[in-house]
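All chains are named by letter (A, B, ...) in the order of the sequence lines, taking the proteins before the strands, and each is independently numbered beginning at 1.
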Amino acid sequence: MSERSNAYSERYTLNLGPQHPSTHGVLRVIADFDGETCIAADPVIGYLHRGIEKLLESRTYPQGLVYTDRLDYLAGVNNNLPFALAVEKLLGVAIPERASLLRMLTCEIMRLASYMVGIGIYIMDLGAVSGVFYPFQQREYALDVMSALCGARMTQGYIRIGGVQADWNDEAEAALNVLYKELPPFIEMYHKLVDENEIFLRRTSGVGVISAARAKAYGLSGPNLRASGVDYDLRRDAPYCLYDRFKVNVPVQTAGDCHARYVQRMQEVDEILRLIHEIHAALKETEPGKIMGPVPKMLRPPAGEVYAQTENPKGIMGCLVASDGKSTNPWRVHFRRPSFDNIAIFSELMPGHKVADLIAIIASFDIVLGEIDG
Amino acid sequence: MALKTNIRFPQRVGMPEGDPANTRDLLTQEELESRGILFTSLDKLFRWGAGWSLWPLQFGLACCAIEMICTTQTRFDMSRFGYEVFRNSPRQADVMIVAGTITEKMRPAVELLYHQMPEPKWVIAVGSCAISGGPFVDSYSVVAGADKVVPVDVYVPGCPPRPEAIIDGMLQLKAKLANPERKQVVRDDK
Amino acid sequence: MTNNEVKPKAQVAAEIVRLPGVAAIEGGDCEYLLEAAALLPAAAYLLEAGYEFLADITAVDYPAEEKFRLLYQVANYHNGDIITLKLDIPREQPRADSLCGLYAAANWLEREVYDMFGIEFSGHPDLRRILMWDGYAGWPLRKDFAAEPGKYQGRRRLD
């Protein structure tokens with residue numbers, strides 16, 4: 001800063017994005033700097049605003065479900081779920097047990113895939129580009145399971161209104177066994193590679209500290225919230241599907257800085273793997289075949305406004321569905337996107353940090369722009 | 001008439017007799033090609049080199065960008081073909097891979113980036129949003145295809161296309177570079 | 001209320017209807033219809049009762065009834081209870097009070113509602129468009145919004 005030394009530092013405005021290697025998509029941050037220290041930051045979004053909520057008003061309910069994958073495109077099925085749950089609440093239809101277990105299993109597998117991207121891109125943005133290859137290879141194993149199960153790697157559309165698209169099969173079983181074999185040695189190796197790395201520690205410790213009170217005020221959710229000390233996970237505290245049958249352990253960090261957000265995600269990866277084992281075991285005990293509930297071919301849900309929430313890899317995703325009772329198209333669909341609320345805190349968080357810290361902060365939040373812009 | 005390539009070459013090879021100031025005596029490109037073997041094969045050499053080392057511009061917009069990232073990772077490994085050098089700055093890139101939906105808000109940025117890229121440059125449209133607007137074609141804020149904004153050379157269909165398909169698109173561009181005289185190139189044709 | 005306690009849903013249901021202008025919606029699970037003046041007191045009451053998580057603010061357009069319906073989903077960081085506050089505002093001059101003084105999350109949520117519907121929030125520190133660019137004309141999520149003529153509008157509703 002110019003007060004401490006005799007150096008002259010200049011005030012200027014730096015534009016980060018929308019085309020930038022480290023903004024996780026088309027995020028733009030207009031930041032004012034005094035020398036190297038940020039004094040104001042304004043995230044500008046909307047560069048991927050595709051008008052999904054308006055489009056869904058001119059599609060039928062099952063057609064609309066396909067669009068939900070494109071929100072958080074790193075974890076396709078996780079986005080289908082709140083929409084399906086909301087419509088099923090309107091319809092009042094019960095889902096067979098096997099379908100619920102398949103929903104949970106695929107959501108956890110894609111949660112793992114999404115965390116792998118979050119962890120890998122985090123380390124790549126900090127400069128350690130070779131670190132990105134290891135988590136992405138694990139993501140490939142998870143995507144192998146999904147592609148054996150339903151044919152699509154990324155935007156699957158697997159969770160349908162009333163159940164799921166396809167039943168568990170042998171190829172998916174084989175692919176899941178490969179994942180079981182490959183993931184634990186990777187986790188151990190990645191801990192050894194990154195945890196004690198001095199550069200990583202110095203770049204992320206004490207950077208972007210969010211206190212629990214500010215996190216709660218801004219409506220943060222997911223790993224970002226839990227890294228700031230708030231113990232809240234919808235799978236344990238407000239279980240949907242059949243999560244109340246399983247023990248969901250929720251790790252919590254207290255530091256609230258970028259390093260805590262990394263540690264939080266790594267600890268949650270262990271929990272996800274354990275949950276996948278348990279859900280898979282429960283799945284094998286149900287009888288194959290019943291994967292769809294009694295849902296009519298033409299969906300005309302009764303009138304009402306229903307809001308359903310699920311715990312997504314990025315945070316809490318909610319879906320409001322308003323139906324007018326007569327039409328096959330929804331009257332209004334709104335998505336509560338976790339990354340949208342998560343990055344509102346940037347304008348308060350970034351000032352006071354250096355240029356490089358801004359990148360560490362954005363990377364530690366693990367955002368996805370498809371979801372922010374909707 | 002043969003299609004002109006992007007690569008200009010000084011037209012001094014095989015100059016006709018007569019007053020150089022008289023522009024009617026300058027030869028056309030085809031006449032030059034028929035006279036100067038050197039001209040033809042250097043051009044082909046440049047195109048061969050460019051085809052094996054396309055430098056993409058890091059320009060992921062939406063979901064297709066993730067499959068593009070997976071293409072550079074260990075399983076699909078785009079660097080086998082020489083294409084892993086993603087440049088962050090458009091000044092250093094020669095192919096712009098439009099991966100994802102172009103929205104009206106992003107449109108000026110796409111155009112600006114395209115104009116900032118130096119010649120010779122090409123564009124690959126990856127995914128159905130970049131080809132035609134995809135599932136969002138009737139949205140109020142989506143541009144119905146990258147070719148409404150920039151001239152596209154290769155279209156890779158899919159939603160999102162598998163990484164193998166994206167590599168195929170890059171190889172298709174290489175085949176297009178190797179055959180500049182064709183309007184449409186099928187990759188396995190000789 | 002300290003950060004560690006939250007009032008149970010039944011207690012909230014009993015106390016919130018005592019505030020003037022708050023009426024419970026029958027058939028709904030903790031859904032309340034508010035009058036315009038009751039929004040800030042109800043939100044302040046919920047914050048004090050431990051419901052610190054403003055999950056969502058959104059609006060639904062009912063042109064037949066000439067109103068916008070604002071929906072506020074207020075939750076807490078302990079269990080899964082969600083209190084839904086609904087507020088009907090006239091379509092001609094849509095305005096409401098801003099919750100930015102109580103919940104910091106309201107800032108961007110209200111900007112999105114403003115951008116999509118044109119509802120103005122009085123007391124908002126920085127009310128400008130968030131998803132569309134500044135200077136865009138029109139409120140996209142209103143039912144009478146039409147993009148440029150000639151642009152393919154998609155299938156019509158099957159009524």
Side-chain angles (χ1 to χ4, degrees), chain A residues 42-49 51 53-55 57-60 63 212-221 225 230-232 234 237-240 298 300 304-305 307-309 316 318-320 322 324 326-332 334-337 340-341 343-345 347-348 372-374, chain C residues 3 25 27-29 31 47 52-62 64 69 71-82 84 86 100 102-109 111-113 115-116 126 128-134 136 140-143 145 147 153-159:
Chain A
D42 179 28
V44 179
I45 59 175
Y47 290 96
L48 195 56
H49 177 65
E53 295 182 1
K54 182 86 179 179
L55 280 176
E57 292 172 13
S58 55
R59 305 281 188 270
T60 63
Q63 286 174 338
R214 288 322 279 162
K216 288 200 268 195
Y218 270 97
L220 253 58
S221 49
L225 178 71
V230 182
D231 186 7
Y232 188 56
L234 277 186
D237 297 323
Y240 49 94
M298 288 292 273
R300 289 175 200 264
E305 290 156 0
Y307 180 72
Q309 275 185 331
I316 292 176
C319 180
L320 174 92
D324 65 352
K326 310 187 295 275
S327 162
T328 53
N329 297 4
W331 183 255
R332 167 100 169 98
H334 172 72
F335 295 98
R336 189 261 177 203
R337 292 104 55 203
F340 180 83
D341 290 72
I343 64 170
I345 205 174
S347 41
E348 182 183 293
I372 292 175
D373 292 339
Chain C
N3 285 343
I25 298 180
D29 180 21
E31 295 180 13
L47 184 60
E52 307 171 278
F53 179 25
L54 180 61
D56 196 22
I57 303 179
T58 191
V60 187
D61 186 8
Y62 291 109
R69 170 166 277 193
L71 286 107
Y72 295 80
Q73 315 283 349
V74 187
N76 60 61
Y77 285 109
H78 298 270
N79 53 38
D81 297 335
I82 304 178
T84 308
K86 300 193 188 184
C100 284
L102 295 166
Y103 295 95
N107 193 320
W108 274 35
L109 288 167
R111 274 179 70 185
E112 191 192 345
V113 175
D115 189 5
M116 293 286 114
D126 183 22
R128 58 192 158 103
R129 288 198 183 259
I130 191 170
L131 292 171
M132 306 308 288
W133 56 94
D134 291 321
Y136 183 77
L141 275 173
R142 290 195 182 185
K143 293 288 180 184
F145 172 81
Q153 290 290 315
R155 285 178 44 189
R156 292 193 310 278
R157 294 151 44 96
L158 294 177
D159 281 326

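For A/P239, no part lies under 4.5 angstrom from a heavy atom of chain C. Residue contact with chain A, scored on non-hydrogen atoms closer than 4.5 Å, involves the side chain of C/L71 exclusively. For chain A, the nearby part of C/R69 is the side chain; its heavy atoms alone come within less than 4.5 Å. Contacts between A/I316 and chain C at a heavy-atom distance below 4.5 Å involve the side chain alone, from C-beta outward. A/I345 does not touch chain C: none of its heavy atoms, backbone or side chain, sits under 4.5 Å away. For C/A59, the part lying under 4.5 angstrom from a heavy atom of chain A is the backbone only. Using a 4.5 Å cut-off between heavy atoms, A/I343 touches chain C through backbone and side chain atoms alike. Heavy-atom distances place the side chain of C/R128, and not its backbone, under 4.5 Å from chain A. Contacts of A/Q309 with chain C are made by side-chain atoms alone, with heavy-atom separations under 4.5 Å and no backbone atom involved.
With a 4.5 Å cut-off on side-chain heavy atoms, A/D324 and C/Y62 do not count as touching.
When only modelled atom types and interatomic distance are considered, A/R336 and C/T58 share no side-chain donor-acceptor pair under 3.5 Å. A side-chain donor-acceptor contact under 3.5 Å links C/D56 and A/H334.
Across C/L102, C/D61, C/T84, the residue that shares the most heavy-atom pairs under 4.5 angstrom with chain A is C/D61.
Remark: A/D373 CG to C/L131 CG distance equals 6.0 Å, nearest 0.5 Å.
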